[in-house]
Amino acid sequence: MLEKAKITNLQTTWLMIMLVSSTGILTLPTLVYKAAKQDAWLTMIVVGVLGIIVAYILTRLGLMFSGKTIIQFSEKILGKPLGKIIGFIYCVFFIHINAVVIRQFSDILAGHFFSNAPVLFFSIAIMIISIYAVLSGIEVIARVNEIIFPIFLVVTNGIILLSIGDMDFKNFMPVLENGWAPILEGAYLEMYFISEIVVLLMLMPYINQPENTRKSMYIGIVALAVFGIIIFGGIGAVFGSTHASNINYPFNALARYVRVGDFIVRVESFVVFIWVTGVSIKIALFHYCAVMAISQWLNLKSYKPLVIPVGGVMVVLSMVIVENIMEMGKLLTKIVVIPYLFIEIGIPFLLLIIALLRKKGDKTYVK
Amino acid sequence: MNKRVNLICIACIFMALSVTGCFGKEEINQLTIIAGVGMDVSQKEEGIQLTVQAILPEEIQEQVKLEEGQRPVWLGTVTGDSIFDAVRNLSLLTGSRILWGHSQVLIIGEEAARQGIKETIDWFERSPEFRRRTFIMVAKGEARSIIEAKEGIDKIPAFNIGKLNEGSENTSKVVSRDLRMLISTLSSKTTCAILPGITVYNKIDREGKENKATKIQDTAVFKDYKLIGWLNEKETRGLLWVLGEVKSGVIDVQHPKDEERFISFEIIRAGSKIKPRIKDNKVTIIIEINEKGNIASVPSPIIDISKPKNILELEEAKKSAIEKDVSLALTKAKEMNADIFGIGEAIHRDYPKEWKKLEQEWDSIFPNLEIEVRVSSKLRRTGLITINKN
C-alpha cells in the first residue's frame with residue numbers, strides 16, 4: 001500500500017456521486033435531449049438499473065481481492081504479462097479521461113464566463129489545486145468533498161425549485177413517441193458517465209468497511225438516477241426538448257433564467273461555484289487514480305514524485321485533445337464512448353468472469 | 001511547520017482576494033449598460049438599424065435631481081450590415097464596451113418583423129450576455145420611436161416597458177412573451193408565435209407639454225418567423241382564454257335591464273384544456289375553459305343578486321361573453337391560417353402516431369377544423385355588499 005488512508009463508505013458514495021454529476025450536469029442534458037427528445041428523463045431509469053449491475057460487478061471484484069487495486073489484482077487473475085497490459089490500459093485511461101474533463105472545465109469557463117481569458121489559464125489553475133489535493137492524499141479529497149457535496153446538492157436542486165414557476169409539464173408529452181430506441185441511445189451516452197465509478201476499484205483498499213460498500217453504492221446509484229431525473233425534468237419542463245437540445249449547457253441557461261420576484265436573479269454565479277468546486281474534486285480524483293495506477297504498475301515505493309509530471313501531461317494533453325467545441329461534442333458522443341465503456345464495464349466484467357472460472361480471490365466476503 | 005502552512009494559506013487568500021478580475025475585468029465607467037434595444041430595417045442604407053437606451057450611471061443616483069421630463073438615459077442609433085455589426089458599431093458612438101446583461105426589452109420594428117425575425121433571434125439567443133428573460137415586443141411602426149419615448153412611471157423608460165409586461169396579467173388584455181417563451185414556440189413546426197405589440201401615444205403633462213409614452217396594445221402573430229397580422233384587444237383576450245393565460249382581469253357584460261350600462265366581473269382564476277378527438281380520420285377539437293369570478297360592480301337598475309336565479313343569469317351572461325371573445329380569436333386565427341393556440345401540439349401530445357401525417361397537411365386542415373368551445377363560468381362572491389341599492 002502506497003498510502004495509509006481510510007475513508008468511510010459514505011465518503012466514497014458522495015465522491016462517486018460528485019464524480020459523475022459534476023460534469024454530467026452541464027454536458028449531458030444537451031447530448032441526451034438530442035437523442036431521446038422529450039423522454040430524456042426516462043433514460044435515467046434505464047441508467048439506474050444498469051448502474052446497479054455495474055456497481056455489483058465492481059464491488060464484487062473489490063471484495064474478492066480486498067486490499068488490492070485493479071492494477072494489482074489483474075496480474076493475479078490473468079498472470080503477469082496480461083495483467084500488466086490491463087494495468088497499462090487503466091493508467092492511460094485515467095490520464096485521458098482527466099484531460100477531457102480538464103478541457104471541458106476550461107472551455108466552459110472561458111466560453112461562458114470569462115470570454116477574454118485563455119483556456120490554458122484555467123487548465124493550469126485547476127491543475128495546481130489538483131496537484132495539491134493529490135499530494136495531500138485521498139482522505140483529504142474525500143473530506144473536502146464532504147464540505148462541497150451538500151452545497152452542490154442544495155444549489156442544483158435549489159435552482160430547479162426556483163424555476164418551478166416557469167415549468168410546463170406538457171413538454172414531456174407524448175411519452176415514448178418513437179419507442180424505446182431513442183431512450184436506449186440516450187442511456188448509452190449516459191452510461192459511460194455513470195460508469196466512471198470504476199475508480200472504485202482504485203479506492204476499495206482504503207474503505208474502512210468494504211463489506212458494506214455494495215449497499216452504499218446501490219444507494220448512491222439510485223440517488224444519482226433520481227438526481228438525474230430532477231435535473232433532466234427541470235430543464236425539459238422549462239425549455240422543451242427541441243430548445244433544450246439546441247442550448248450548449250442547458251443547466252447554465254436554466255440558472256440564468258431563474259427569476260423569483262425582483263431579488264432572486266442571476267443565480268448562475270452559483271453554477272460557476274458548483275462547476276469549479278465539483279470539477280476540481282473530479283479532476284483531483286482522476287489525477288489521484290492515474291498517479292496511483294502508474295506507481296503500482298511500476299511497483300514504486302512512493303507515488304508523490306509522479307504527481308507533478310503526470311499533472312503536466314494531463315494539461316498538455318487537454319490542450320491538444322480537441323480543437324473546438326464541435327470536436328469536443330464529437331469526442332464525447334462518438335469517439336470515446338465505446339473505448340470508455342469497454343474499460344469501465346467490459347474489462348471489470350471479463351476480469352470477474354475469469355476470476356470466478358479460475359477460482360481466484362478471497363471468498364469470505366462474497367455472498 | 002504548521003505556522004508556515006498557515007502563513008502560506010493567509011498569503012494565498014490575500015492574493016486571491018486582491019488580484020481578482022485580472023482577466024475580463026470590466027470597470028463600470030468603461031461600460032455602456034443597455035436598458036432596452038429596438039431593431040428596425042434601415043431606411044437609408046441596406047441593413048439593420050439598432051436603437052439603444054443606455055443607463056447613465058452618474059445620473060441614476062438618488063441625490064442627483066433631474067429636471068422635469070429628463071431621464072437618466074442616453075439614446076443612440078446605429079446601422080450595420082448584420083445585427084452583430086450594428087452592435088459593435090455602437091462602440092463608435094459610445095467609445096466603450098456594451099453590456100447587454102441588464103437589457104429588459106427587445107423591440108422589433110413592424111417592418112423588420114414583416115421581413116422575418118429568424119436572424120435577430122439567432123443573435124440574441126447565441127450571445128452569452130443577452131438573457132432569455134428579456135421581453136420581446138413588436139412596435140407598431142418603428143422600434144426607434146418606442147425606445148426614444150421617455151415618459152413612464154419608472155426612472156428608466158425601458159424598465160418601464162418591462163414593468164408593463166409584468167403587469168399584463170392584471171388586465172389579461174395583452175400577452176407577455178420573453179425570449180425563452182418565443183423560442184419554445186418557434187421550435188414547434190405548427191404553432192405560430194405571438195408577441196405583444198407596443199405603441200407610442202402622446203401624454204400631456206401639467207404644463208400642457210406633450211410627451212411621448214408607451215403602452216402595450218394588440219398582439220402580433222408570426223408565421224414562419226414573419227409577422228402576418230395583428231389581433232385586437234378582444235381577440236387577444238380570446239386567445240388568452242384558450243392558452244389558459246388569463247390570470248386576472250375584468251369581464252364586462254351588458255346590464256340586462258339597461259343596454260348602455262355594464263356589469264363588471266373580476267376574474268379570480270381561469271384554466272383551459274385543449275382536447276383533440278380523432279374519429280374515422282376526422283379531427284375535432286374541444287376547448288374547455290373554466291373560469292371563476294366575483295362581482296365587481298353592478299350599476300342601477302336594481303338586480304337582486306341574492307336570488308340564485310339571477311346569479312345563474314349573470315353566470316350565463318358571463319359565459320357568453322367569454323365564448324364571444326374566444327370565437328372572435330378562433331375566426332381571426334383561421335382567417336390568417338395561423339395556429340396560435342398550439343392545437344397542433346395538443347394533437348401531437350394525444351395522438352403522436354396520427355400526428356405524423358396530419359403535421360404535413362396542417363396548413364390545409366387548420367382553417368377547416370371543427371372546434372367546439374365549452375365554457376364553464378362560475379360566480380363565487382358578490383363583493384362586500386349584495387344588492388345595488390343606489
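These numbers were taken from a predicted model, which means no experiment stands behind them. In what follows, chains are A, B, ... by sequence order, proteins preceding strands, each numbered from 1.
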Using a strict 4.0 Å threshold on nitrogen-to-oxygen distance, state whether R349(B) and E177(A) make a salt bridge. no

Which bit of V238(A) comes within less than 4.5 Å of chain B, counting heavy atoms only: side chain, backbone, both or neither? both

Please assess R256(A) against R180(B) for the test side chain to side chain contact (heavy atoms under 4.5 Å, CB included), listing each intermediate value before the final yes or no. CA-CA 11 Å; R256(A) 283 168 64 94; R180(B) 192 249 335 163; over 6 Å; no

Is the count of non-hydrogen atoms from other residues, nucleotides or ligands lying under 6.0 Å from R88(B) atom CZ greater than 12? no

Can you tell me if K273(B) has over 12 outside heavy atoms packed within less than 6.0 Å of its NZ? no

With side chains defined as the heavy atoms from C-beta onward, is the minimum distance between I247(A) and R132(B) less than 4.5 Å? yes

Close side-chain approach of M173(A) and H348(B), heavy atoms under 4.5 Å: no

So, R133(B) and D166(A), do they make that salt bridge, N to O below 4.0 Å? yes

In terms of heavy-atom pairs under 4.5 Å, which option from E166(B), K356(B), M181(B), R131(B) contacts chain A the most? R131(B)

Is it the case that atom CD in E323(A) sees more than 12 heavy atoms from other parts of the structure closer than 6.0 Å? no

Under 3.5 Å: donor-acceptor pair, side chain of S184(B), backbone of F239(A): yes

Near D168(A) CG, under 6.0 Å, is it more than 12 heavy atoms from other residues, nucleotides or ligands? yes

Structural part of K353(B) lying under 4.5 Å from a heavy atom of chain A: neither

At a heavy-atom separation under 4.5 Å, does E345(B) approach chain A through its side chain, its backbone, both, or neither? neither

Do H243(A) and E125(B) make a side-chain contact, defined as non-hydrogen atoms from C-beta onward lying under 4.5 Å apart? yes

Please indicate whether I8(B) has more than 12 foreign heavy atoms, meaning atoms of other residues, nucleotides or ligands, lying under 6.0 Å from its CD1. yes

Taking everything shown except Y351(B) itself, do over 12 heavy atoms lie less than 6.0 Å from its OH? yes

Which answer fits A253(A), side chain, backbone, both or neither, if we ask what part of it has an atom under 4.5 Å from a heavy atom of chain B? both

For N324(A), does the CG atom sit with more than 12 other heavy atoms under 6.0 Å from it, leaving out its own atoms? yes

